[in-house]
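Taking it in order: structure first as structure tokens, then the write-up.
The shown structure was predicted, so the numbers you read here are calculated from the model rather than taken from an experiment.
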Amino acid sequence: MSKIEIIPFTRDHKEAVLDLAIEAWTPVFARTKNDVPKFVYDAFYPNGWSERQRNDVAELFAKEPDNIWLAVIGNELAGFLGLRIHPEDQMGEIHIIAVSPQHQRHGIARQLMAFAEERTRALGMKMMMVETIGDSGHEPARRTYESLGFQRWPVARYFKQL
């Protein structure tokens with residue numbers, strides 16, 4: 001396998017990263033749709049999950065371009081990560097992460113997360129956080145996080161249709 005390089009996001013990467021996000025999350029959201037209440041899914045994604053995700057990620061690029069990092073192999077985009085620093089909590093947050101399907105299960109996410117930890121530690125923070133959904137589509141992500149030493153903080157979020 002070729003060497004992975006982690007580089008800062010630039011606006012030139014925007015469309016490729018948006019496409020990667022949709023491609024990576026298509027199988028995840030197919031399962032999510034079946035695992036959450038229909039009224040919740042429909043409220044969050046009235047025009048479909050991919051349109052919402054594309055808009056949310058594009059907004060992140062517009063507001064926080066300096067917090068986005070890309071994993072590249074040669075000239076090929078393999079994955080990306082959004083890192084936020086929360087000094088008030090002495091914490092770094094992996095806000096978003098995705099790896100292209102053809103590069104999944106090759107250690108790209110692990111390398112991106114190690115990069116985030118190194119940057120966070122260098123800034124004097126004391127902990128890292130990553131958040132995901134508890135549905136079956138996100139199960140592989142949870143296994144990865146736990147294998148890297150992240151400890152789950154149980155959260156209960158309830159919805160009621162009105």
Side-chain angles (χ1 to χ4, degrees), residues 1-10 13 16-36 40-41 44 49 52-54 56-57 59-61 63-74 76-159:
M1 176 177 226
S2 300
K3 184 176 176 354
I4 297 164
E5 184 180 5
I6 298 178
I7 63 171
F9 170 82
T10 68
H13 298 109
V17 176
L18 289 171
D19 291 345
L20 182 151
I22 299 306
E23 183 182 16
W25 295 330
T26 293
V28 173
F29 276 91
R31 294 180 75 178
T32 299
K33 185 173 187 173
N34 296 322
D35 289 354
V36 300
V40 174
Y41 190 91
F44 284 1
W49 74 268
R52 168 80 184 260
Q53 284 301 124
R54 193 171 182 85
D56 286 353
V57 174
E59 184 178 341
L60 181 64
F61 297 160
K63 290 182 176 177
E64 301 182 50
D66 295 337
N67 294 339
I68 308 298
W69 298 90
L70 310 178
V72 295
I73 301 172
E76 183 181 0
L77 177 65
F80 74 99
L81 167 111
L83 175 64
R84 291 179 174 156
I85 301 299
H86 301 279
E88 68 281 6
D89 297 320
Q90 299 183 31
M91 178 177 78
E93 172 191 3
I94 297 171
H95 176 68
I96 191 169
I97 187 169
V99 175
S100 70
Q102 59 267 35
H103 292 290
Q104 289 176 3
R105 304 190 60 79
H106 295 155
I108 307 284
R110 288 176 181 275
Q111 289 187 38
L112 283 165
M113 293 179 76
F115 171 83
E117 285 184 33
E118 289 168 18
R119 286 190 61 83
T120 300
R121 192 176 291 111
L123 293 170
M125 301 298 108
K126 304 293 182 201
M127 67 178 158
M128 288 292 305
M129 180 190 75
V130 62
E131 185 175 332
T132 192
I133 301 172
D135 69 317
S136 63
H138 289 83
E139 185 178 345
R142 291 191 307 276
R143 278 195 312 265
T144 298
Y145 305 151
E146 290 170 11
S147 75
L148 292 172
F150 284 80
Q151 297 177 27
R152 189 173 189 171
W153 178 352
V155 174
R157 182 176 286 173
Y158 295 89
F159 293 89

Verify side chain to side chain contact (heavy atoms under 4.5 Å, CB included) between Gln111 and Glu5, making sure each step is shown before the conclusion. CA-CA 9 Å; Gln111 289 187 38; Glu5 184 180 5; over 6 Å; no
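- Scanning all heavy atoms of the two residues, the minimum distance from Leu20 to Gly79 falls at CD1-N, 3.8 Å.
- The two residues Thr120 and Ala116 come nearest to each other via the heavy atoms OG1-O, 2.7 Å.
- Between Met127 and Glu117 the shortest side-chain heavy-atom distance does not fall below 4.5 Å.
- A distance of 9.5 Å separates CG of Asn67 from CG of Leu81, quoted to the nearest 0.5 Å.
- Counting heavy atoms from C-beta outward, Lys3 and Val72 have side chains that stay 4.5 Å or more apart.
- Using a 4.5 Å heavy-atom threshold, the side chains of Trp49 and Ile22 count as touching.
- The backbone N or O of Ser100 lies less than 3.5 Å from no partner atom in the side chain of His103, so there is not a single donor-acceptor pair.
- The closest side-chain heavy-atom distance from Phe115 to Arg119 is below 4.5 Å.
- With rounding to the nearest 0.5 Å, the separation of CD1 in Ile4 from CD1 in Ile108 is 3.0 Å.
- The aromatic rings of Phe61 and Phe80 lie perpendicular to each other, with more than 60° between the two planes, well past the 30° mark.
- From Met128, atom CE reaches atom CD of Glu93 across 8.5 Å, with rounding to the nearest 0.5 Å.
- Using a 4.5 Å cut-off on side-chain heavy atoms (C-beta onward), Arg121 and Lys126 make no contact.
- Judged as a side chain to side chain donor-acceptor pair (under 3.5 Å), the pairs with a partner in residues 138-147 (not counting sequence neighbours) are, in order, Arg110-Ser147, Asp135-His138, Glu139-Arg143.
- Counting only heavy atoms from C-beta outward, the side chains of Phe150 and Met113 approach each other to under 4.5 Å.
- In this structure, Ile97 and Trp25 approach most closely via the heavy-atom pair O-CZ2, 3.6 Å.
- Every residue meeting the side chain to side chain donor-acceptor pair (under 3.5 Å) condition with Asp56, not counting sequence neighbours, appears here in chain and number order: Arg52.
- Aromatic ring centres of Phe9 and Trp69 lie farther apart than the 6.0 Å criterion allows.
- The minimum heavy-atom distance between Met125 and His86, with the atom names listed, is SD-O, 4.1 Å.
- Within the 4.5 Å cutoff, side-chain heavy atoms of His95 are placed close to those of Leu60.
- A distance of 11.5 Å separates CG in Asp66 from CG in Leu83, rounded to the nearest 0.5 Å.
- Closest heavy-atom contact between Leu112 and Ala98: CD1-O, 4.5 Å.
- Around atom CD of Glu88, more than 12 heavy atoms belonging to other residues, nucleotides or ligands sit under 6.0 Å away.
- One finds the CD atom of Gln90 at 12.5 Å from the CG atom of Leu123 (value rounded to the nearest 0.5 Å).
- In this structure, Glu131 CD and Ile96 CD1 are separated by 12.5 Å, a value rounded to the nearest 0.5 Å.
- Pairing each heavy atom of Ile85 with each of Gly92, the nearest pair is CD1-CA, 4.1 Å.
- Within the 4.5 Å cutoff, the side chain of Val17 has heavy atoms near those of the Leu77 side chain.
- Under a 3.5 Å cut-off, the side chain of Gln104 and the backbone N or O of Val99 do form a donor-acceptor pair.
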